[in-house]
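Please read the structure below before turning to the comments.
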Amino acid sequence: MTTVNDVTDLSLDAADGGVAVITLDSPPVNALSANVRTGLFEAFGQAIESDAIAIVLICAGRTFIAGADITEFGGASAEAASLTDVQNLMESSPKPVVAAIHGTALGGGLEVALCAHYRIAVPSAKCGLPEVHLGLLPGAGGTQRLPRIVGAQKALEFMTAGTHVAAADCLEMGLIDELATEDNLRADAVGLAQRLVAEGRPLKKISDNDDMVAPDRGNTELFANFRASKAARKFRGFLAPEAIIKCVEAAVELPFAEGIKREGQLFGEVLVSAESAAQRYVFFSERQVWKIPDVPRDTATLPVDSVGVIGAGTMGGGIAMNFVNAGIPVTIVETSQEALDRGLAVVRGNYERSSRNGRFPIEEVDVRMARITPALSLDGLADVDMVIEAVFENMDLKKEIFATLDATCKPGAVLASNTSALNIDEIATATTRPESVIGMHFFSPANVMRCLEVVRGRETSLEVINTAMKTAKKIGKLGSLVGVCPGFVGNRMLFQRSAQAQALLDEGAMPWEVDQALYDFGFAMGPFQMSDLAGLDIGWSAETSTGSTIRERLCELDRRGQKNGAGYYDYDENRTPTPSPITEGLVKEFAEKAGKPARTFTSDEIIERLVLPMVNEGARILAEKKAMRSSDIDMIWITGYNWPAYRGGPMYYADTMGLDVVLARLRALQAEYGDVWAPAPLIEQLAADGQTFASIPATPLAT
Ligand code: T1G
């Protein structure tokens with residue numbers, strides 16, 4: 001075994017029958033750092049020069065190369081061999097090169113493997129080109145080689161989805177040539193290399209393949225159809241998907257060498273884009289949420305092998321589904337059989353729809369439903385490891401329930417509330433075990449939205465915090481630990497945005513102007529369309545209505561939202577919204593009464609009026625230590641409210657504006673609209689110091 005550099009070894013062991021084995025060992029994921037590229041370049045050079053009959057590339061640790069080193073992007077390019085240098089050396093090797101894959105061969109990692117002549121993988125391995133999630137495209141030949149293996153259509157789907165594909169499917173697609181035995185990869189790879197030589201098999205160079213792309217030459221319809229496809233609707237606002245489509249067009253229309261040049265041009269464009277910088281920030285931010293400064297990594301995790309959910313309504317049913325989907329049995333408690341039956345019917349309907357959409361076979365519906373035990377008493381929760389209360393947002397009711405849970409549940413059970421704003425510490429006072437009480441705030445629809453605000457109470461134990469966060473990860477949520485305050489983090493900032501949306505209406509802006517501005521910014525829907533969707537009459541009653549707001553007046557006109565065809569908007573039978581003259585009249589009436597002059601509102605002004613209050617509140621949340629870091633706030637908004645990932649989140653957005661600019665705008669708005677716009681002291685301080693929210697180190701929550 002020769003040490004090539006500190007992350008690369010080269011073995012020319014007789015036991016391998018003349019096959020050279022290059023082993024990469026660069027934790028955590030063998031990313032293609034400068035050191036790794038240099039090691040590979042030198043190792044392949046030595047192996048090709050040696051008397052080895054063939055070469056195997058394999059990785060130590062958890063995975064094959066998982067891509068370019070994302071931490072290197074945007075930094076000075078280190079003096080090292082380029083990825084292309086390595087790939088050219090591999091592909092032009094006069095000796096067979098075999099890539100041996102385990103874990104996840106992703107991005108540049110798969111692109112390296114595609115420059116081997118053959119690929120072998122263990123059954124548990126996965127391959128993918130997920131660059132699109134970083135706002136990038138496979139920039140090391142992936143956009144030119146993949147279509148030459150699977151054809152243009154599949155390549156478009158594969159690269160714009162950026163999914164990880166199981167080894168068996170990769171074998172079927174032709175991405176890999178053989179499956180190894182799970183724990184015998186090295187030997188099987190060496191065996192394959194020996195067979196290639198013994199059988200005189202050709203040195204397959206994907207770049208020479210033309211038969212998979214030639215049939216689509218001139219087929220402009222294929223690309224037009226893909227751009228118009230349902231999948232493409234998700235590309236709105238992102239740059240990388242369209243760049244990927246252009247690369248595949250080049251793969252089909254141009255010779256390989258020219259296609260590679262086109263890929264390089266388009267890669268250069270997306271690499272320097274604001275969208276990719278934001279998406280790379282999100283990639284690292286969603287890995288920071290699990291790091292809690294004052295909860296040591298070796299903190300115990302309590303078992304969560306059974307769960308109780310109180311309430312089978314929209315939230316309770318959705319919450320239960322998360323655990324059922326993770327294979328954890330759930331006891332769901334309601335106050336009446338009718339409520340139980342109704343709730344379980346909704347859950348079954350959700351599963352049947354997922355099955356119809358191809359998520360799983362219909363038989364799985366009963367398997368999942370069988371994991372749910374309905375109950376009409378909290379006694380049914382005596383032995384569960386975790387309880388999540390999801391009843392009506394009423395403090396007295398919650399305290400009554402937690403007092404019963406305290407008397408019913410086994411010692412050590414985690415007692416969580418799904419409350420979206422109420423004080424966890426107050427709920428905990430209803431029990432004799434406040435150390436076991438925590439908030440687990442799911443976002444509606446609870447079985448869909450990734451966000452889970454884990455609310456740390458003053459007395460919540462480290463074990464319970466750790467257990468709640470580990471449970472969040474286990475059920476596929478992005479857990480964000482937050483402190484107790486009204487609305488916690490997400491809703492506390494949403495309150496501010498909603499107040500300004502209403503203020504804009506009161507000044508004469510139309511609901512559709514506000515909604516359109518947020519839609520164009522990248523949200524799926526604006527606040528007024530959202531209100532119509534949820535129902536305008538939530539919390540409204542004809543008996544107490546005073547007609548003092550536009551919403552009350554709409555409800556008094558029986559305009560209750562989508563459900564009865566009219567709210568802020570008018571709706572046709574397909575629930576397509578159109579601006580309503582009735583709403584327009586009301587907005588104008590209220591604005592005139594308030595003495596507001598009729599005027600136009602630009603999208604930029606609307607976005608500023610909606611986003612800056614959120615940023616200001618986020619700054620207060622950080623200063624109060626109710627969030628540990630600004631990127632946690634961003635992740636809550638991206639995973640809980642669909643803030644567009646290509647804009648990084650509200651705090652990131654403010655940082656990219658510059659906090660000095662944010663401060664100046666807040667002061668200008670304060671002068672025009674009053675102290676509700678007073679800048680948070682933290683913004684004043686950071687602006688004065690020329691700092692950013694991201695520059696604040698992670699801080700333990702105040703309790
Ligand atoms: N570069 C640098 N660090 C990385 C990394 C990468 N590519 N991937 C992961 N890490 C770090 C991560 O930040 C974390 O660090 C640790 O590794 C464990 O990650 C030219 C341009 C591989 C499936 O997009 O999808 O190739 O927090 O917690 O859950 O065309 O990491 O411990 O300090 O996620 O087991 C394309 C990104 C790059 C793959 C493992 N590749 N990574 O998941 O662990 S662009 C990707 C992942 C590219 C080429 C283009 C996952 C994983 P820390 P983790 P995991």
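Ligands are counted one by one from 1 in listed order, and the atoms in each one are counted from 1 as well. What's counted below: heavy atoms across the whole structure, side chains too, no hydrogens, waters or symmetry copies.
In terms of polar-atom proximity, defined here as any N/O pair under 3.5 Å, R62 does make such a contact with ligand 1. Of the N or O atoms in F284, none lie within a sub-3.5 Å distance of an N or O in ligand 1. No N or O atom of F283 sits closer than 3.5 Å to an N or O atom of ligand 1. Close N/O approach between L106 and ligand 1 is not found [any backbone or side-chain N/O within under 3.5 Å].
Between A243 and L266, the closest heavy-atom pair is O-CD1, 3.8 Å. Pairing each heavy atom of D69 with each of A31, the nearest pair is CA-CB, 3.8 Å.
Atoms of ligand 1 lying under 4.0 Å from any heavy atom of P138, numbered from 1 in the order shown and given with element: 30 (O). Taking every heavy atom of K291 and a limit of under 4.0 angstrom, the matching atoms of ligand 1 come to 27 (O), 33 (O), 53 (P). Here is the list of ligand 1 atoms found below 4.0 Å of a heavy atom in R287: 12 (C), 13 (O), 28 (O), 31 (O), 34 (O), 47 (C), 51 (C), 54 (P). Close approach of ligand 1 to I70 (heavy-atom distance below 4.0 Å) involves ligand atoms 1 (N), 2 (C), 6 (C), 7 (N). If you number the atoms of ligand 1 from 1 as listed, the ones under 4.0 Å from a heavy atom of P130 come out as 24 (O), 46 (C). Counting atoms of ligand 1 from 1 in the listed order, those under 4.0 Å from a heavy atom of G139 are 30 (O). Atom numbering of ligand 1 starts at 1 in the shown order; those under 4.0 Å from a heavy atom of D69 are 1 (N), 2 (C). Listed by number with element, the atoms of ligand 1 under 4.0 angstrom from any heavy atom of E131 are 26 (O), 30 (O), 45 (S), 48 (C), 49 (C), 50 (C).
At a heavy-atom distance under 4.0 Å, only side-chain atoms of V29, from C-beta outward, approach ligand 1. Of the heavy atoms in H133, none comes closer than 4.0 Å to ligand 1. Residue-level proximity to ligand 1 for L134 is carried by the side chain, the only part with a heavy atom below 4.0 angstrom. If you look at A66 next to ligand 1, the close heavy atoms, those under 4.0 Å, come from the backbone and the side chain alike. Contacts between Q288 and ligand 1 below 4.0 angstrom, taking non-hydrogen atoms only, are absent altogether. With a 4.0 Å cut-off on non-hydrogen atoms, F73 touches ligand 1 through its side chain and not its backbone.
Side-chain contact of S82 with D85: a donor-acceptor pair under 3.5 Å is present, judged by distance alone. A donor atom on one side chain and an acceptor atom on the other are found under 3.5 Å apart for T143 and E263. Side-chain contact check for E42 and T8: no donor-acceptor pair (N or O, by modelled atom type) lies under 3.5 Å.
For atom 7 (N) of ligand 1, the nearest non-hydrogen atom of the protein is A68 O, 2.9 Å. The nearest heavy-atom contact from the protein to atom 20 (C) of ligand 1 is E111 OE1, 3.7 Å.
Look at E91 and R145 and you find a salt bridge, because one of the NZ, NE, NH1 or NH2 atoms lies within 4.0 Å of a carboxylate O, short of that distance.
Per-atom contact check: atom 15 (O) of ligand 1 does not touch the protein, criterion being a heavy-atom distance below 4.0 Å. Distance remark: protein heavy atom present below 4.0 angstrom from atom 53 (P) of ligand 1.
Between the H133 side chain and the A161 main chain, a donor and an acceptor come within less than 3.5 Å of each other.
Taking the six-membered ring for Trp and the full ring otherwise, the centers of F283 and F73 sit at least 6.0 Å from each other. You'll find the ring centres of Y641 and F523 outside the 6.0 Å limit.
Ligand 1 has at least one atom lying under 4.0 Å from a heavy atom of P28. Residue-ligand proximity: T63 is placed with every non-hydrogen atom at 4.0 Å or more from ligand 1.
A cation-pi arrangement is absent between R37 and F41 under the rule of less than 6.0 angstrom and at most 45 degrees off the ring axis.
In this structure the side chain of I633 never reaches within 4.5 angstrom of the side chain of F693, judged on heavy atoms. Between K626 and V482, the closest side-chain pair of non-hydrogen atoms is not below 4.5 Å. Looking at heavy atoms from C-beta onward, F238 lies out of side-chain contact with E275 at the 4.5 angstrom threshold. Residues I149 and L175 meet the side-chain proximity criterion, which asks for heavy atoms closer than 4.5 Å.
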